[in-house]
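Just so we're on the same page: letters track the sequence lines, and every chain starts at 1.
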Amino acid sequence: MTEAESEIVTHRRRKLDALRERGEAYPNGFRRRHLAKDLLANYGPASKQELGAQAIGAAVAGRVMLRRVMGKASFITLADPSGRIQCYLRQDDIGADAYEDFKDMWDIGDIAGVVGTLMKTNKGELTIQASEARLLAKALQPLPEKYHGLADQQLRYRQRYLDLVMNEQSRNVFRTRAAVVAALRRFFDARDFLEVETPMMHPVPGGATARPFVTRHNSLDTDLYLRVAPELYLKRLVVGGFERVYEMNRCFRNEGLSPRHNPEFTTIEFYQAFADYEDLMVLTEGLLRWLLTELEMEQTISFDGHEIDFGQPIPRRAMTVAVAEAIGVEEKDLKDAAKLRNIAGGLNIAIEDSWGSGRLLMEIFEARVEENLIQPTFITGYPAEVSPLSRRNDEDPSITDRFELFVAGREIANGFSELNDPDDQAARFRAQAALKNQGDLDAMHYDQDYVTALEYGMPPTAGEGIGIDRLVMLLTNCTTIRDVLLFPQLRSVPQSSPRQGSPRQESRS
RNA sequence: GGGUCGUUAGCUCAGUCGGUAGAGCAGCGGGCUUUUAACCCGUUGGUCCUGGGUUCGAGCCCCAGACGGCCCA
């Protein structure tokens, strides 16, 4: 803690001490009767004369954001969850003692309640002329600069509450996020999908090719893995007869941090029996359009300098077609492992000897095509080699009935007709296990319990996962995932927080 | 893991050629009864991220480290 800060805090502590002595430190009796937004909506259009004649009462509460003291009268700007409202405090209205109190004891950042009547200032701003003003919670720490807000990215993430207090844009991102989550629930609930919760701690990690976090269950004396995906559990439920299920919650992957990756992130996965991957592409396209409508957004959105149009039918392109076009080779050469190896080498893509043609094609796709898929595009025909849970295509068993949706160079969704042949699934797991034995840390484990579930019979099914964080990024024009996560993962600062000594937290669980 | 850029007052930011550290806001004192990023006068406040090094002298140059941004693996 620096001397300068402790000086500000010391001043504020003195005021708090005085409030404590008077027994007025943290009262909890004030009741808000109005939100700023409602007052502005209902009375903002009224004229100064109309309001002056009516004497409409109001009681608001919020954080003091701005303060303008002019001798024996002052204006303060209160922020509540709905917006901001100005209050006018006059010595003649609230009394000399209360007014002195306001001047001596209140600071920007304090939580206060104001009761009074509505008025319009000479400049036409709706204002509450106070008859009573109460300090409800003293802020000991000063707020960031009132005009620029909190700009330091690190502080914005580490002390998100300050970011939320100061930056309207940041608040709006998380409101949009909540609206997206709520809308998705409405969408699937309306289509008779059952929302379920499956384990986050898995005895065998599965459902995606990714490194898991490991944790320890003491009394079971066993390792458990934080889930990398809920997929295998959701399909067990389809076996059980819940033919339409969805789960929207956290997944965990033990990977590096980047503008697009956080170790914990949110997905919605949904499964629908008696549907295939083409049905899901239709559903996804409709879902996105419907979502934009629900959010009262245009079908064309701005993201990272691009205008992205969801109003058009989303094109579907086979991976081989997209790759062949991007790098200027014949499509037929993309089935041949030796030729793919040459192509990858020529493109300076790092490859491994164990990879077959499917993995090679996928790597070339990721290196040369993905980032250029700006407008919404379904890529289909994913190689079976990189799709261990997907149903093989009837015409070409080397590929699967799978798609991924790309927008602005980012994977947004991944869906496929589910592999419900237990013997093929067992073979795919064996191939993954072999890769794992060769040192591929991302490869899947053999999940015998899941194979057994398939042996009881899973109806033909299609399933899909959509990355909520990435979807919200698109809809809020955020290019880093940290901006759509309230508390993104950062390296912990050991000694003390950047601003002050570490706050003592009481657990409430 | 590698490269690169950044870290200066509580916050937002300047800081020249290496010559003893600045502004605005916030704070403190004073003035002001329709201001609005209020204004006017005065004023406090610095581990220049940390630790070494070079130098008569380092916010600035060199080395190492911490944290963060971006790019690559």
Side-chain angles (χ1 to χ4, degrees), chain A residues 1-15 48-49 51-52 64-79 84-96 99-100 102-110 116-130 139-159 162-163 165-168 255-261 304 348-352 363 366-367 371 441-442 478-483 488-501:
Chain A
M1 188 186 293
T2 65
E3 292 304 311
E5 188 188 36
S6 76
E7 190 193 337
I8 291 177
V9 174
T10 302
H11 282 130
R12 291 183 174 218
R13 276 204 179 280
R14 265 192 224 123
K15 298 173 186 178
K48 185 175 170 71
Q49 289 72 22
L51 285 178
V64 180
M65 300 305 292
L66 297 169
R67 199 164 81 121
R68 296 175 287 278
V69 178
M70 303 162 299
K72 296 180 179 60
S74 300
F75 288 92
I76 60 173
T77 301
L78 283 188
R84 293 183 173 197
I85 185 90
Q86 178 170 264
C87 302
Y88 184 39
L89 279 63
R90 289 202 320 164
Q91 181 177 284
D92 291 352
D93 292 334
I94 64 174
Y99 191 75
E100 274 309 295
F102 160 73
K103 285 213 292 185
D104 292 344
M105 308 293 266
W106 291 37
D107 288 291
I108 288 174
D110 292 350
T117 55
L118 294 177
M119 59 167 267
K120 276 270 177 91
T121 65
N122 291 337
K123 293 285 170 57
E125 177 162 350
L126 185 69
T127 300
I128 298 170
Q129 184 161 2
L140 294 174
Q141 300 285 349
L143 288 183
E145 208 262 346
K146 64 188 177 189
Y147 185 60
H148 297 92
L150 186 64
D152 185 290
Q153 283 197 53
Q154 198 168 163
L155 290 181
R156 286 185 49 228
Y157 301 143
R158 290 192 194 276
Q159 294 182 283
L162 285 182
D163 180 42
V165 167
M166 300 306 297
N167 300 329
E168 168 82 24
E255 295 161 350
L257 286 73
S258 87
R260 297 180 196 187
H261 299 88
D304 196 19
N348 228 359
I349 298 168
I351 54 174
E352 309 235 349
E363 295 287 331
E366 288 180 351
E371 63 180 344
L441 296 166
D442 288 346
C478 291
T479 53
T480 169
I481 194 170
R482 295 180 204 95
D483 283 340
Q489 190 65 46
L490 297 178
R491 206 177 293 267
S492 60
V493 183
Q495 331 85 312
S496 63
S497 83
R499 282 176 62 86
Q500 65 193 76

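One distance of note links CD1 of A:I94 with CD of A:E100; it measures 10.0 Å at 0.5 Å rounding. Here the CZ-CD1 distance, from A:R260 to A:I481, works out to 10.5 Å after rounding to the nearest 0.5 Å. Note that CG of A:L140 and NZ of A:K15 are 10.5 Å apart. Values are rounded to the nearest 0.5 Å. Within the model, atoms CD of A:E366 and CD of A:E371 stand 11.5 Å from one another, a figure rounded to the nearest 0.5 Å. Separation of atoms CD1 (A:I128) and CG (A:L89) is listed at 10.5 Å; rounding is to 0.5 Å.
Comparing B:U16 with B:C60, their C1' atoms are spaced 11 Å from each other, to the whole Å. When the P atom is compared between B:G57 and B:G19, the two are found 14 Å apart, to the nearest whole Å. For the C1' atoms, the distance from B:A73 to B:A37 is 46 Å, rounded to whole Å. A distance of about 15 Å separates the C1' atoms of B:A9 and B:C28, rounded to the whole Å. Comparing B:C67 with B:U50, their P atoms sit 15 Å apart, to the nearest whole Å. Remark: the separation of the C1' atoms in B:G24 and B:G45 is 15 Å, to the nearest Å. Straight-line distance between the C1' atoms of B:C13 and B:A21: roughly 14 Å, to the nearest whole Å.
When both pairing distances are held under 3.5 Å, B:A21 makes no Watson-Crick or G-U pair with any nucleotide shown. Nucleotide B:G27: paired with B:U43 (Watson-Crick or G-U wobble, both distances less than 3.5 Å). Under the Watson-Crick or G-U wobble criterion, with both distances below 3.5 Å, B:C67 is paired with B:G6.
Residue A:K103 is classed as having no contact, given no heavy-atom separation below 4.0 Å to the nucleic acid. At the heavy-atom level, A:D92 lies under 4.0 Å from base atoms of the strands shown.
One interatomic measurement links the two molecules: CZ of A:R158 to P of B:A66, which rounds to 14 Å at whole-angstrom precision. When the P atom of B:G29 is taken as reference, atom CD1 of A:I8 falls 13 Å away, rounded to whole Å. Distance A:D152 CG to B:C13 P: 8 Å, rounded to the nearest Å. Here B:A26 presents its P atom at 17 Å from CG of A:L162, a figure rounded to the nearest Å. Straight-line distance from the CG atom of A:L140 to the P atom of B:G27: 15 Å, rounded to whole Å. Residue A:H11 contributes atom NE2, which lies 12 Å from atom C1' of B:U43 at whole-angstrom precision. Remark: P of B:C11 and CG of A:N167 are 14 Å apart, rounded to the nearest angstrom. Between A:L155 atom CG and B:C13 atom C1' there is a gap of 14 Å when expressed in whole angstrom units.
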Any N/O pairs under 3.5 Å between the protein and nucleotides 69-73 of chain B? List them or say none.
unit_1, atom_1, unit_2, atom_2, d
B:G69, OP1, A:R482, NE, 2.8
B:G69, OP1, A:R482, NH1, 3.3
B:G69, OP1, A:R482, NH2, 3.1
B:C70, OP2, A:R482, NH1, 3.4
B:C70, OP2, A:R482, NH2, 3.3

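Listed nucleotides B:C13, B:U33, B:G68 differ in distance to A:K72; the shortest reach to its side chain belongs to B:U33. Of the candidate nucleotides B:G68, B:C28, B:G10, B:C28 has the atom lying nearest to any side-chain atom of A:D107.
Counted by atom type alone, A:S74 and A:Y99 present one or more donor-acceptor pairs between their side chains at under 3.5 Å.
Counting non-hydrogen atoms of neighbouring residues, nucleotides and ligands closer than 6.0 angstrom, the CZ atom of A:R13 reaches no more than 12 such neighbours.
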Protein proximity profile, nucleotides 34-42 of chain B - base contact B, sugar-phosphate-only contact S, no contact -, cut-off 4.0 Å on heavy atoms: BBBBB----
